[in-house]
2 protein chains.
Amino acid sequence: MEKPSRRTTIYDIAELAKASPSAVSSVLNGTWKKRRISAKLAERVMKLAEKQGYAVNAQASLLRREKSNVIGMIVPKYDNRYFGQIAERFEEMARDRGLFPVVTCTQRDPDLEFEAAKELVSWQADCVISTGATDPDRISAFCAAAGVQALNLDLPGKAAPSVVSDNFAGARTLTALILDRCNAEFGDVQPLRFVGGRLSDHNTAQRLKGFLQEHQARGIEVPETHILATGYSATKSATALADFRPQGPTGLFVNSTIALEGVVKWLGNLGAAGAQVRYGCFDWDPFGRFLPGNVGMVEQDVDEMMTRVLALVGETGQADAVIHVPCRLHVFGAA
Amino acid sequence: MEKPSRRTTIYDIAELAKASPSAVSSVLNGTWKKRRISAKLAERVMKLAEKQGYAVNAQASLLRREKSNVIGMIVPKYDNRYFGQIAERFEEMARDRGLFPVVTCTQRDPDLEFEAAKELVSWQADCVISTGATDPDRISAFCAAAGVQALNLDLPGKAAPSVVSDNFAGARTLTALILDRCNAEFGDVQPLRFVGGRLSDHNTAQRLKGFLQEHQARGIEVPETHILATGYSATKSATALADFRPQGPTGLFVNSTIALEGVVKWLGNLGAAGAQVRYGCFDWDPFGRFLPGNVGMVEQDVDEMMTRVLALVGETGQADAVIHVPCRLHVFGAA
DNA sequence: GCCATTTGCACAATCGATTGCGCATGTTTG
DNA sequence: CAAACATGCGCAATCGATTGTGCAAATGGC
């Protein structure tokens with residue numbers, strides 16, 4: 001409540017307590033018993049620290065220490081259930097492990113990603129986790145040069161161990177669900193359409209692979225024109241579908257909630273014909289179950305992914321190791 | 001690519017470049033022209049720094065500087081459109097202003113909130129923004145004692161300037177929309193029900209005030225039993241409504257997307273009677289427009305709030321000043 | 001009452017980057 | 001050719017906390 005001038009330091013408190021800075025330091029960081037500081041002095045110091053609004057200067061403290069216990073994460077976005085949950089669980093679980101989580105959001109911008117990683121290294125992070133990074137290997141290379149551990153999450157890299165969802169298996173299961181449902185409700189076995197995402201994106205490619213494999217296993221041929229991986233935006237997927245006015249039963253594999261927005265919009269414009277459309281989405285949203293025609297959604301197992309990736313912190317694993325985490329399938333409106 | 005042992009410092013580079021640490025420092029922080037370092041040496045140093053994976057030690061750097069340019073924010077959650085967007089825009093806009101944003105998520109836990117604020121002060125944040133904090137004044141008091149600026153966002157406090165949505169006006173407008181729609185579609189003027197949130201929560205109280213005022217202005221009496229502010233969870237709002245099986249036209253004011261989930265679930269169980277239900281939600285979600293019966297949603301103006309709060313950084317304003325930011329109303333399925 | 005411990009604390013070096021100051025060499029001017 | 005600058009860079013103090021070491025004073029044992 002006193003000096004709005006400069007921040008209180010251990011020197012200020014030492015003066016007030018008539019003690020040395022080293023004694024004050026050890027009281028405030030809990031090592032005072034080991035340093036044989038009397039309980040009397042300790043209490044006096046702690047009272048003063050509280051009254052003065054003392055907070056340790058992390059800069060000075062970390063500068064002197066060897067391990068920082070800072071663990072950094074870069075995520076592309078927060079405004080999305082999946083990454084939001086990742087950031088949130090990361091902070092929570094890192095704290096539980098006695099680490100200081102620092103998360104930073106890089107808007108899918110490769111340069112910003114790199115800058116952010118560099119910044120995290122500047123903050124003496126012991127480990128940097130790149131989530132959904134456009135160019136994870138560039139970050140890994142920098143971290144390697146700086147002597148900092150790097151890990152990848154959600155998108156795999158070649159230069160650091162990765163933890164990713166099992167997109168292939170998840171997509172195959174979802175494809176099977178949609179096909180089964182179309183079959184059960186309409187007695188139909190037409191090939192589905194794949195909507196949203198970019199083929200150059202690793203996860204989309206994996207999902208498409210699962211999508212195609214399930215069709216193949218059933219002896220259903222998928223025409224090229226059914227692959228509408230036109231990018232990540234509701235508008236793009238709505239546009240991709242715009243010309244398509246289904247005659248009869250139709251099934252869609254929707255590659256993200258953002259694409260799902262476009263699909264639902266398209267469906268709304270379809271009128272009565274929409275009743276013959278069934279779809280599933282590779283991604284999860286709490287409102288998904290209320291959307292008509294939605295037969296199921298795949299939820300990535302954020303907790304498990306986070307457990308796995310945090311288990312790698314401090315370990316020296318194979319640089320190109322990839323851990324696949326199974327997804328959870330939510331089935332809606334089952335008969 | 002060399003030493004996985006210790007991190008590269010300016011001393012390492014100075015040795016390699018056959019220069020002094022001070023020269024290296026000024027080259028790497030961009031002040032070398034002012035210090036009349038030759039371009040030749042500068043280039044040599046920068047090349048070496050890159051090769052060695054050098055990243056400035058922020059601890060050492062900030063320790064010596066006077067202003068940190070670090071700006072901290074605590075948010076309750078990320079896994080929600082509103083707070084996710086807040087965190088994301090905060091980082092973006094803070095960076096644009098040359099600041100270093102540090103965001104931390106505190107799970108609506110008052111103690112964790114306080115710890116996090118303390119941590120931010122430890123990191124020498126020049127300013128701490130408490131978003132939706134349970135006890136913002138406690139944080140403000142600590143910051144004041146530590147000589148750090150405090151600001152409140154989303155929920156107002158008494159001890160630091162606040163930027164909040166105009167919940168009252170937003171709620172009144174939304175209430176008007178729902179009443180109008182019920183009237184237009186069913187010729188009905190029954191009082192609405194208020195679902196979700198907690199009355200002890202400032203924002204809920206404000207919204208309820210707007211809700212009641214709009215009813216009063218129309219001469220509609222709202223019975224006590226229509227206020228179902230039973231907390232923040234989909235289950236709770238579904239439970240609160242469980243016994244209610246509307247006979248005839250019904251309107252609901254839904255106080256958050258999380259409560260909306262409960263409402264939609266309840267609506268699903270209602271069957272055909274659900275066709276006579278209209279509702280609006282104070283909160284925004286991209287899938288909201290696709291939910292049957294939803295006449296509109298109120299979106300808080302995150303960009304404007306962030307602009308306003310960032311404008312306060314570094315200013316010394318009235319401690320209890322409150323800035324109200326108007327909300328945006330999204331109207332769905334207008335005739 | 002004297003030596004041996006134990007207790008309680010202070011000293012000072014250190015972490016890595018920043019920055020005011022100053023000292024040599026060039027270079028220009030008159 | 002000397003004085004006056006300009007150029008290019010190194011020295012050393014400093015930020016605040018940590019920690020190995022050391023030294024009095026208090027306590028205990030005989």
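The sequence lines fix the lettering, A, B, ..., with proteins before strands; numbering per chain opens at 1. Just so it is clear, the structure is predicted and the values come from calculations on it, not from any experiment. The figures here come from the full heavy-atom set of this structure, side chains too, leaving out hydrogens, waters and symmetry mates.
Closest to the side chain of A/A60, out of C/dA10, D/dG16, C/dG16, is D/dG16. Candidate nucleotides C/dG16, D/dA17, D/dG10 were compared by shortest atom distance to the side chain of B/N57, and C/dG16 ranks first. The listed nucleotides are C/dA13, D/dC9, C/dA17; the one nearest the side chain of A/R64 is C/dA13.
When the side-chain nitrogen and oxygen atoms of B/S25 are compared with OP1 and OP2 of C/dT18, one or more of them lie within a distance under 4.0 Å. Put simply, A/R36 has no side-chain N or O that comes within less than 4.0 Å of OP1 or OP2 on C/dC9. The phosphate of C/dC9 (OP1 or OP2) has a side-chain N or O of A/S38 nearer than 4.0 angstrom. Taking only side-chain nitrogens and oxygens, B/Y11 never comes nearer than 4.0 Å to OP1 or OP2 of C/dT18. Dashed line: the shortest gap from a side-chain N or O of A/S20 to OP1 or OP2 of C/dA10 is under 4.0 Å. Not one side-chain nitrogen or oxygen of B/S26 sits closer than 4.0 Å to the OP1 or OP2 atom of C/dT18.
The residue A/V56 sits close only to the backbone: its heavy atoms come under 4.0 Å of sugar-phosphate atoms, none of a base. Contacts of B/S22 with the nucleic acid, taken as non-hydrogen atoms under 4.0 Å apart, include base atoms. A/L62 comes within 4.0 angstrom of nothing in the nucleic acid, heavy atoms only.
Non-hydrogen atoms lying under 4.0 Å from DNA chain D are contributed by A/N29, A/R35, all within residues 27-35 of chain A.
Salt bridge status for B/R89 with B/D96: absent, with no side-chain N to carboxylate O gap under 4.0 Å.
Nearest heavy atom pair, residue A/T131 against residue A/P76, reads O-CD, 3.1 Å. Between A/A160 and A/N152 the shortest heavy-atom distance is O-ND2, 3.3 Å.
Using modelled atom types, one finds no donor on one side chain facing an acceptor on the other under 3.5 Å when comparing A/T104 with A/E119. In the model, B/S165 has a side-chain atom that pairs as donor or acceptor with a side-chain atom of B/Q300 under 3.5 Å.
Residues A/L151 and A/V163 fail the side-chain proximity criterion, which asks for heavy atoms closer than 4.5 Å. Taking 4.5 Å as the limit, some side-chain heavy atom of B/M306 sits within range of a side-chain heavy atom of B/L153.
Residue order along DNA chain D, read from the 5' end via each residue's closest nucleotide, puts B/L41 first among B/R65 and B/L41.
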